[in-house]
S.K.: 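Dropping a structure here in structure tokens format, bear with me for questions.
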Amino acid sequence: MRTISENLSFGGTQGVYSHASEACACDMTFAVFLPQEAEHGPVPVLWFLSGLTCTHENAMVKAGAQAWAAEQGIALVFPDTSPRGDDVPNDDAFDLGQGAGFYIDATQAPWDKNFKMWTYVAEELPALLDEKFPVDMDRQSITGHSMGGHGALTMAMALKGRFRSVSAFAPICNPTKSDWGCKQFGAYWGDEENWGPHDATVLMQGEGFDGPILIDTGTDDQFSDLLGTEAFAAAFAAKRQEGTIRLQKGYDHSYFFIATFIEDHIGFHAEALYS
């Protein structure tokens, strides 16, 4: 692991690091914020999975999460959204290839060599964090935005017992019925019969999540027709899932929206992580 930068932030440390990833067969970059409490022992972890076109840097810089994580004594982890590099396949479209890993493991060429974001986020990066950082991997929660909200919801439901709580900002929550999902699943997995159960609505219709959920979506989200909020809300209600779905009047899909409600989300996760 190589340290790219470390900066003092709200009494803690905001670091950026890179390492050679076996899962993605390339170098991967990620960011970790450690609150001051980490100087004295392991602290709980909140993952933030970012959306299409983003890197580790977008949420790290724009979400305003460090102040609230420092207040609650929680570490923040910001993975990248895909493998990157000159030898990594890409596409001219913004919603496929680099920046659009969709937190799944590709099985179709040319994506199958590098695009293993499920394995990376669910297995490889947690192992690295456990080895290199003062974090308590028995106390984890997860959040994300848009494509990252999709990743957060699906990982929380599929990885039973790992996360104490899950939240999302404007998540893509029914990708098998959306252009933001069908296109990528088709490219990475091939025919629809090969698609895995990486759809939050489908997973909610199954076993759901064994903890609290918080979702915020803006009423003026410019991508509302791609998110599948209504389908997920119906499955959420039918399952009698513990949690809250909020439609925030006038807000859109931007980081201004995320920064407005990030305090609520970190407080929500802190309650679960410290209970």
Side-chain angles (χ1 to χ4, degrees), residues 21 23-25 47 49-54 79-84 88-125 142-160 162-163 166 168-210 213 215 217 223-236 238-239 241:
S21 167
C24 297
W47 294 78
L49 306 187
S50 292
L52 288 166
T53 76
C54 292
D80 202 347
T81 56
S82 78
R84 299 180 190 274
V88 175
N90 201 9
D91 190 272
D92 291 337
F94 78 93
D95 57 354
L96 189 66
Q98 295 186 34
F102 251 78
Y103 304 101
I104 61 176
D105 284 357
T107 59
Q108 299 294 303
W111 313 104
D112 54 336
K113 177 183 176 183
N114 305 102
F115 281 69
K116 304 290 187 182
M117 288 303 296
W118 182 275
T119 296
Y120 178 70
V121 175
E123 299 178 16
E124 186 175 23
L125 188 54
I142 191 167
T143 187
H145 171 228
S146 192
M147 178 185 74
H150 144 77
L153 290 170
T154 56
M155 286 190 174
M157 286 187 273
L159 301 173
K160 294 297 184 185
R162 178 173 301 190
F163 300 107
V166 57
F169 299 88
I172 301 170
C173 43
N174 197 193
T176 58
K177 303 297 182 183
S178 169
D179 286 345
W180 276 0
C182 291
K183 175 181 179 178
Q184 294 81 4
F185 289 4
Y188 298 150
W189 282 334
D191 295 338
E192 186 172 354
E193 63 187 26
N194 299 322
W195 296 2
H198 290 263
D199 184 307
T201 298
V202 174
L203 290 167
M204 181 56 67
Q205 291 168 342
E207 295 187 20
F209 179 58
D210 55 354
I213 295 177
I215 292 176
T217 298
F223 304 111
S224 60
D225 59 329
L226 297 167
L227 301 181
T229 307
E230 295 84 356
F232 183 78
F236 190 95
K239 191 68 179 178
Q241 169 68 45

S.K.: Applying side-chain contact (heavy atoms from CB on, under 4.5 Å), can you list everything that pairs with Ala233, at least two apart in sequence or on another chain?
M.R.: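 Per chain and number, Ala233 pairs via side-chain contact (heavy atoms from CB on, under 4.5 Å) with Ile245.
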S.K.: Partners of His150 by ring-ring contact (aromatic ring centres under 6.0 Å, His included), sequence neighbours excluded?
M.R.: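 Phe102.
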S.K.: Partners of Ala93 by side-chain contact (heavy atoms from CB on, under 4.5 Å), sequence neighbours excluded?
M.R.: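 For Ala93 the side-chain contact (heavy atoms from CB on, under 4.5 Å) partners, ignoring immediate neighbours, are Asp91, Asp95, Lys183.
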S.K.: Does this structure show an ion pair linking Lys160 with Glu207, if we count only N-O contacts that are shorter than 4.0 Å?
M.R.: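 Looking at Glu207 together with Lys160, the answer is yes, because their closest N to O distance falls below 4.0 Å.
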S.K.: Phe209: which residues meet the ring-ring contact (aromatic ring centres under 6.0 Å, His included) condition with it, sequence neighbours left out?
M.R.: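 Result, ring-ring contact (aromatic ring centres under 6.0 Å, His included) vs Phe209: none returned.
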S.K.: With a 3.5 Å cut-off and no angle check, do the side chains of Ser21 and Glu124 form a donor-acceptor pair?
M.R.: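 Yes.
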S.K.: With rounding to the nearest 0.5 angstrom, report the CG to CE distance, Leu226 to Met147.
M.R.: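 Here the interatomic distance stands at 14.0 Å.
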S.K.: Strictly by modelled atom types, are Asp105 and Thr119 linked by a side-chain donor-acceptor pair under 3.5 Å?
M.R.: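 A donor-acceptor contact under 3.5 Å links the two side chains.
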S.K.: Could you tell me how the ring of Trp180 sits relative to the ring of Phe223: parallel (under 30°), tilted (30 to 60°) or perpendicular (over 60°)?
M.R.: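 Tilted.
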S.K.: Quick one: list whatever passes ring-ring contact (aromatic ring centres under 6.0 Å, His included) with Tyr188, sequence neighbours left out.
M.R.: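 Result, ring-ring contact (aromatic ring centres under 6.0 Å, His included) vs Tyr188: Trp111, Phe115.
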S.K.: Hey, does Thr217 have a side-chain heavy atom less than 4.5 Å from the side chain of Pro171?
M.R.: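 Result yes, sub-4.5 Å side-chain heavy-atom pair found.
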S.K.: To the closest 0.5 Å, what do you measure between CG (Leu227) and OG (Ser146)?
M.R.: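 So the CG of Leu227 and the OG of Ser146 are separated by 6.5 Å.
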S.K.: For Asp80, which residues count as a side-chain contact (heavy atoms from CB on, under 4.5 Å) partner, sequence neighbours excluded?
M.R.: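 Here the qualifying residues are Met28, Thr55, Arg84.
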